[in-house]
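What follows is a short report on a single structure.
Order of appearance sets the numbers: ligands from 1, and atoms from 1 within every ligand. Keep in mind the model is a prediction, meaning the values are calculated, not measured.
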Amino acid sequence: MLQPSKTVTTTCPYCGVGCKLELHIDANDFIYKVTSPFDAVVNHGNLCVKGRYGHDFIYHKDRITTPLMRKVPQKPGARTQAFDPAEWQPVSWDEALDYTTDRMAEIYQRDGSPAMAFYGCAKATNEDNYLLEKLLHTQFRSNNIDHCTRLCHAGSVVALQMAVGSSAMSNTAAEVIENDVFIVTGSNTAENHPIIAIQMKAAVRKHGATLIVVDPRRVEMVDYATLWLAEKPGSDVAIFSAMAHVILKENLVNHEFVDARTDNFAAFEASMEKFTPEFAEQISGVDRNLIIQAARMYATAPKAAIYWTLGLSESTHGTDNVLSIINLALLTGQIGRRATGLNPLRGQNNVQGASDAGVMPWHYPGYQRVDDEKSARKFEAAWNIEAGGLNRKLGLTTTEILSNVRPGGVRALYIMGENPMMSEPNLNHTRTEIEALEFIAAQDLFINESTAYADVFLPATSWAEKDGTFTNTDRRVQRVRQAIAPRGDARPDWQIICDLAKRIERRLGREQSSYWDYTHPSEILSEMGRVVPEYAGVTYTRIEHEGLQTPVWDETHPGTADLFTETFPSGKGKFHALDYRPNAESPDADYPLVLNTGRVLEQWHGASMTRHSHLNDLYPEALVEIHPSDAARLGIADRQAVRVTSRRGSIVLRAKVTEKTTQGVVFIPFHFFESAANELTLDKLDPQAKIPEYKAAAVRVSPATDAELFHPEISQPRGRY
Ligand SMILES: Nc1nc2c(c(=O)[nH]1)N[C@H]1C(S)=C(S)[C@@H](COP(=O)(O)OP(=O)(O)OC[C@H]3O[C@@H](n4cnc5c(=O)[nH]c(N)nc54)[C@H](O)[C@@H]3O)O[C@H]1N2
Ligand SMILES: Nc1nc2c(c(=O)[nH]1)N[C@H]1C(S)=C(S)[C@@H](COP(=O)(O)OP(=O)(O)OC[C@H]3O[C@@H](n4cnc5c(=O)[nH]c(N)nc54)[C@H](O)[C@@H]3O)O[C@H]1N2
Ligand code: SF4
Ligand SMILES: [Mo]
């Protein structure tokens with residue numbers, strides 16, 4: 001019999017929508033029910049299956065709640081992922097932290113700052129992430145820090161910075177119900193931002209908005225669309241530039257906006273000449289008339305907006321893809337007003353916040369460049385570092401960190417809450433790099449495919465066991481509240497980092513320099529607000545009931561729902577001339593199909609959380625979606641085992657024969673270690689944003705047998721449940 005004991009209001013730890021949760025907790029500290037209040041500004045009481053049912057991972061028996069150390073330290077080149085509990089021993093926090101300090105200090109004193117690298121965590125709070133970058137910057141004087149934003153919206157962030165000088169969503173997600181026309185592209189919104197999708201569906205069905213979907217997959221939002229541009233993967237620059245071509249030719253340009261608020265129009269206009277609808281049709285396979293109609297609808301609507309996710313950004317031309325839609329918004333003036341704008345839907349619950357907090361290799365908190373003398377001095381003063389002490393050299397990005405492991409390169413990796421052995425492209429390459437590391441410290445809730453390689457495991461508390469803040473996709477800083485006691489000896493990330501930082505400081509003879517004596521995360525957020533102007537006015541008192549949308553310039557500022565109403569942070573918005581470039585790998589006779597990878601509603605990335613939850617029962621196995629015409633040609637039946645092979649690797653999984661994917665394209669979710677999609681993807685990067693090509697690899701599919709479904713070559717720490 002459940003004994004209701006208390007209710008705690010907090011924020012969902014899964015996606016960037018940032019829904020408000022009420023956790024109902026019994027006398028045994030068990031969260032037995034999750035609800036949401038109807039007056040919640042983001043989600044109006046709605047929750048998706050993860051927000052409502054996805055929290056039982058906190059109590060899973062596999063959760064690690066004591067610090068662990070390898071009995072025999074791993075050797076570079078001979079690291080193993082096999083998680084044999086007999087090889088580990090539980091130790092005290094003092095022992096684990098002293099050992100981590102010694103190993104990292106030793107490597108730093110021998111090889112210097114290039115040897116050190118950190119991964120931050122978009123699941124953890126702003127406060128946790130702010131301290132993690134402060135630790136690396138101040139103690140190891142390195143900028144080799146990054147997180148999953150690089151694998152996610154890096155193309156969007158770089159393009160938006162180039163064109164408008166800001167990288168977040170320009171408008172508030174809920175404004176979608178006021179749009180007259182909206183474009184959704186490269187986003188499976190119904191599965192990945194389900195509560196925003198509810199609002200999009202209402203925009204169409206209740207408020208009469210017109211939806212245009214541009215996506216190679218027949219995602220659920222297509223059911224609500226007036227136009228579906230079912231393109232070939234990688235053809236976005238051609239499609240969106242052809243729309244610009246039509247707008248220019250038919251003089252649907254917003255000249256007033258272009259004259260007053262933009263730069264570089266002439267070069268852009270000239271580069272659009274070649275993007276005729278005929279040319280775009282040839283590249284994309286989309287009927288030219290659909291492109292022309294889409295252009296007219298978007299340009300002539302009183303209020304039109306663009307929402308996009310990874311289909312644009314996760315590409316070797318991700319920056320160009322996003323520049324092509326920014327060009328459209330500037331050309332038509334569909335930006336800087338309510339219910340318009342450029343809206344990248346951010347993925348993780350706190351990827352916006354971890355980026356704002358400076359867990360990135362080229363920036364301090366608040367996007368202040370590490371190679372800018374003025375900002376380096378500012379942070380030296382704030383963190384009590386001698387003048388010239390901070391490193392001015394741009395650091396390595398996520399994928400670059402795991403491509404530079406060698407003597408003279410990266411030697412030690414500190415992973416706070418990421419799972420690169422599931423999320424990085426071309427896992428065979430990633431595996432070789434991880435195996436060559438000299439030291440790995442992991443701070444997570446679970447042993448996963450990556451933390452299994454570590455020398456030391458520092459058990460962190462989950463979001464339900466700590467205080468802090470998350471910043472959601474529309475820049476809203478919201479409270480996360482401790483609802484239950486930490487499991488076992490687990491500690492909040494911010495406390496682990498402070499404890500470690502003080503030890504490292506002492507070990508390196510930097511006694512009493514930077515400040516690490518916080519008693520509560522609110523003090524950390526205040527410190528962040530003193531160095532990040534956009535957060536200056538965010539305090540725990542002000543966000544007690546509702547979050548505030550950054551920028552919040554001071555303690556009386558009300559927050560900002562819509563950006564760029566008067567001007568862009570860069571002054572004028574900059575048009576960019578574009579050329580079409582194909583994907584890094586195109587299908588050929590040996591590998592005739594395109595592999596598209598992504599997500600399903602019930603699972604989360606490498607699935608450390610969801611496969612330790614009952615959510616796993618809802619979608620327990622990887623399936624490769626294949627179009628009926630391709631399946632018939634290859635002699636593949638629904639649910640039959642098949643082998644999918646690329647130039648990098650090969651996996652076996654069951655087929656799902658469905659028209660959700662288009663002809664010539666197969667889709668695999670990347671959540672399942674036993675048939676990990678990233679064994680197949682390629683680690684080619686966008687030259688500007690350094691984001692990998694996750695959405696297009698050339699593969700072949702052939703029938704396999706059930707006996708081949710198990711992969712002994714992929715060891716499996718989570719094979720135990
Ligand atoms: N259930 C669940 N929800 C999640 C997550 C999760 O793991 N599980 N992860 C979160 C995170 S971190 C993120 S970043 C978001 C991601 O959210 P989404 O980007 O919606 O996620 P994906 O499933 O990768 O879908 C990418 C979409 O891009 C399309 N696409 C592929 N190639 C192309 C192309 O060349 N052009 C265009 N225009 N489209 C293309 C695909 O068909 C697909 O519809 O989801 C967040 N929400
Ligand atoms: N093929 C392919 N690959 C992709 C993508 C794709 O579309 N296709 N998408 C990419 C994208 S967009 C993303 S965002 C990445 C995601 O890649 P990752 O960030 O590597 O994936 P997660 O599985 O979310 O890892 C989060 C880890 O944090 C832990 N964790 C949860 N809460 C906390 C906490 O409070 N503290 C600590 N210390 N740890 C915590 C979890 O247990 C988990 O192990 O994957 C990328 N990889
Ligand atoms: S939409 Fe996102 S934030 Fe809302 S309940 Fe679902 S996973 Fe959580
Ligand atoms: Mo992401």
Side-chain angles (χ1 to χ4, degrees), residues 11-19 21 36 42-43 46-52 54 57 119 121-125 128 147-153 185-189 191-197 214-217 219 229 231-236 239 308-315 321 345-349 351 415-425 442-446 448 450-451 458 460-463 465-466 472 492-493 496 583 594 596-610 612 661 665 667-671 676-678 680-681 692 694-696:
T11 304
C12 181
Y14 280 103
C15 90
V17 178
C19 296
L21 306 181
S36 182
V42 169
N43 55 309
N46 296 308
L47 293 174
C48 81
V49 68
K50 294 178 295 299
R52 203 175 287 283
F57 68 87
Y119 281 158
C121 179
K123 287 255 152 277
T125 63
D128 299 332
H147 71 292
C148 65
T149 188
R150 185 71 45 199
L151 312 175
C152 182
H153 263 301
T185 179
S187 161
N188 179 6
T189 328
E191 296 197 64
N192 299 322
H193 295 92
I195 301 305
I196 292 178
V214 184
D215 200 301
R217 200 164 169 233
V219 288
L229 279 56
E231 57 173 335
K232 289 188 191 145
S235 54
D236 300 279
I239 292 179
W308 78 93
T309 324
L310 304 180
L312 290 198
S313 102
E314 281 182 343
S315 156
N321 291 346
L345 303 176
R346 303 303 305 257
Q348 296 260 33
N349 57 319
V351 64
I415 310 176
M416 174 170 101
E418 287 233 343
N419 190 358
M421 272 309 298
M422 286 293 286
S423 53
E424 285 284 314
Q443 183 171 317
D444 203 294
L445 276 46
F446 292 102
N448 60 31
S450 310
T451 58
L458 308 169
T461 55
S462 73
W463 108 114
E465 300 149 83
K466 66 180 170 192
N472 82 345
D493 292 288
I496 302 174
N583 287 334
V594 179
N596 178 7
T597 65
R599 301 155 166 77
V600 299
L601 172 70
E602 301 84 354
Q603 293 284 3
W604 195 267
H605 300 157
S608 306
M609 291 156 74
T610 45
H612 287 117
T661 190
V665 183
F667 174 84
I668 303 180
F670 75 107
H671 310 297
N678 280 323
L680 309 174
T681 50
Y694 282 125
K695 299 295 187 226

| message | Which option wins on minimum heavy-atom distance to atom 41 (C) of ligand 2: I415, T461, D444? | response | D444
| query | Do ligand 1 and W604 have nitrogen or oxygen atoms that lie under 3.5 Å from each other? | reply | no
| task | If you have a sec, work out which protein heavy atom is nearest atom 19 (O) of ligand 2 and how many Å separate them, to one decimal? | result | Q348 NE2, 3.4 Å
| N596 heavy atoms, cut-off 4.0 Å: which ligand 1 atoms fall inside? | 31 (C), 41 (C), 42 (O)
| When only distance counts, is L601 in polar contact with ligand 1, meaning an N/O pair under 3.5 Å? | yes
| query | Which part of D236 is near ligand 1, with near meaning a heavy atom under 4.0 Å away: side chain, backbone, both or neither? | reply | side chain
| Are any of the N or O atoms of T185 closer than 3.5 Å to those of ligand 1? | yes
| said: Is there a side-chain contact between H147 and E418 in this structure, where contact means two heavy atoms from C-beta onward sitting under 4.5 Å apart? | reply: yes
| said: Please check whether G606 reaches ligand 2 - meaning an N/O of the residue sits under 3.5 Å from an N/O of the ligand, judged on distance alone. | reply: yes
| For atom 8 (N) of ligand 2, which candidate among T597, I668, N349, T309 holds the nearest heavy atom? | T597
| request: Mind checking whether E314 contacts ligand 1 via backbone (N, CA, C, O), side chain (CB onward), both or neither, at a 4.0 Å heavy-atom cut-off? | output: neither
| field | For atom 24 (O) of ligand 2, the protein heavy atom that lies nearest, with its residue and separation | value | H605 ND1, 2.9 Å
| For ligand 1, the portion of L310 having any non-hydrogen atom under 4.0 Å away | both
| task | Give the residue and atom name of whichever protein heavy atom lies nearest to atom 12 (S) of ligand 2, and the separation in Å to one decimal. | result | R599 NH2, 3.1 Å
| Is there at least one pair of N or O atoms, one from G186 and one from ligand 1, spaced under 3.5 Å apart? | yes
| message | To check your reading of the model: name the closest protein heavy atom to atom 43 (C) of ligand 2, its residue, and the distance in Å. | response | S608 OG, 3.5 Å
| Main-chain N/O of C48 paired to Y14 side chain as donor or acceptor, under 3.5 Å | no
| Under 2.8 Å from atom 6 (Fe) of ligand 3, protein N/O/S atom count? | 1
| query | Does a donor on one side chain sit under 3.5 Å from an acceptor on the other, for S36 and N43? | reply | yes
| field | Any residue meeting salt bridge (charged side-chain N to carboxylate O under 4.0 Å, His left out) with D236, in chain and number order, not counting sequence neighbours | value | none
| field | Identity and separation of the nearest protein heavy atom to atom 11 (C) of ligand 1 | value | G347 CA, 3.2 Å
| query | Is ligand 1 under 4.0 Å from a heavy atom in the side chain of V351, in the backbone, in both, or in neither? | reply | neither
| query | Under 4.0 angstrom from ligand 1, any heavy atom of K50? | reply | yes
| What atoms of ligand 3 come closer than 4.0 angstrom to any heavy atom of G18? | 3 (S)
| task | Just let me know how V600 lines up against ligand 1, side chain, backbone, both or neither, with a heavy-atom cut-off below 4.0 Å. | result | backbone
| message | Can you report which non-hydrogen protein atom sits closest to atom 36 (N) of ligand 2, along with the distance? | response | D493 OD2, 2.8 Å
| Geometric N/O contact K123 with ligand 2, under 3.5 angstrom | no
| field | Nearest-contact summary for atom 14 (S) of ligand 1 - protein heavy atom, Å | value | C152 SG, 3.0 Å
| Protein contact to atom 40 (C) of ligand 2 [nearest heavy atom, distance to 0.1 Å] | L445 CD1, 3.8 Å
| request: Decide whether an N or O pair under 3.5 Å exists between T681 and ligand 2. | output: no
| said: To check your reading of the model: name the closest protein heavy atom to atom 7 (O) of ligand 2, its residue, and the distance in Å. | reply: K695 NZ, 2.9 Å
| said: With respect to G417, determine whether any N or O atom, backbone or side chain, lies less than 3.5 Å from an N or O atom of ligand 2. | reply: yes
| said: Would S462 count as a polar contact of ligand 2, with the cut-off being nitrogen or oxygen pairs under 3.5 Å? | reply: no
| task | Looking only at distances, please establish whether an N/O atom of ligand 1 is found under 3.5 Å from an N/O atom of N188. | result | yes
| C19 to L47 - nearest heavy-atom pair and separation | CB-CD2, 3.7 Å
| message | Test your reading of the structure: does D215 have an N or O sitting under 3.5 Å from an N or O of ligand 1? | response | yes
| said: Using a 4.0 Å cutoff against the non-hydrogen atoms of V219, which atoms of ligand 1 qualify? | reply: 44 (O)
| Distance-only N or O hit between ligand 1 and K232, under 3.5 Å | no
| message | Would you compute the distance between atom OG1 of T309 and atom CD1 of I196 and round it to the nearest 0.5 angstrom? | response | 8.5 Å
| query | Any N or O of E231 that comes nearer than 3.5 Å to an N or O of ligand 1? | reply | yes
| field | atom 45 (O) of ligand 2: nearest protein contact (heavy atom, Å) | value | S423 CB, 3.2 Å
| request: For D493 and A124, work out which heavy atoms get closest and say how close. | output: OD2-CB, 4.0 Å
| query | Between N596 (side chain) and F667 (backbone), is there a donor-acceptor pair under 3.5 Å? | reply | no
| request: Would you mind running through ligand 1 and noting each atom that sits below 4.0 Å from a heavy atom of H671? | output: 7 (O)
| query | Would you say W463 and ligand 2 have an N/O pair spaced under 3.5 Å apart? | reply | no
| Is there any N or O on P233 that sits under 3.5 Å from an N or O of ligand 1? | no
| message | Checking contacts here: is it the side chain or the backbone of H153 that comes within 4.0 Å of ligand 2, counting heavy atoms only? Could be both or neither. | response | neither
| remark: Of G311, G16, A122, P669, the residue with the heavy atom nearest atom 30 (N) of ligand 1 is G311
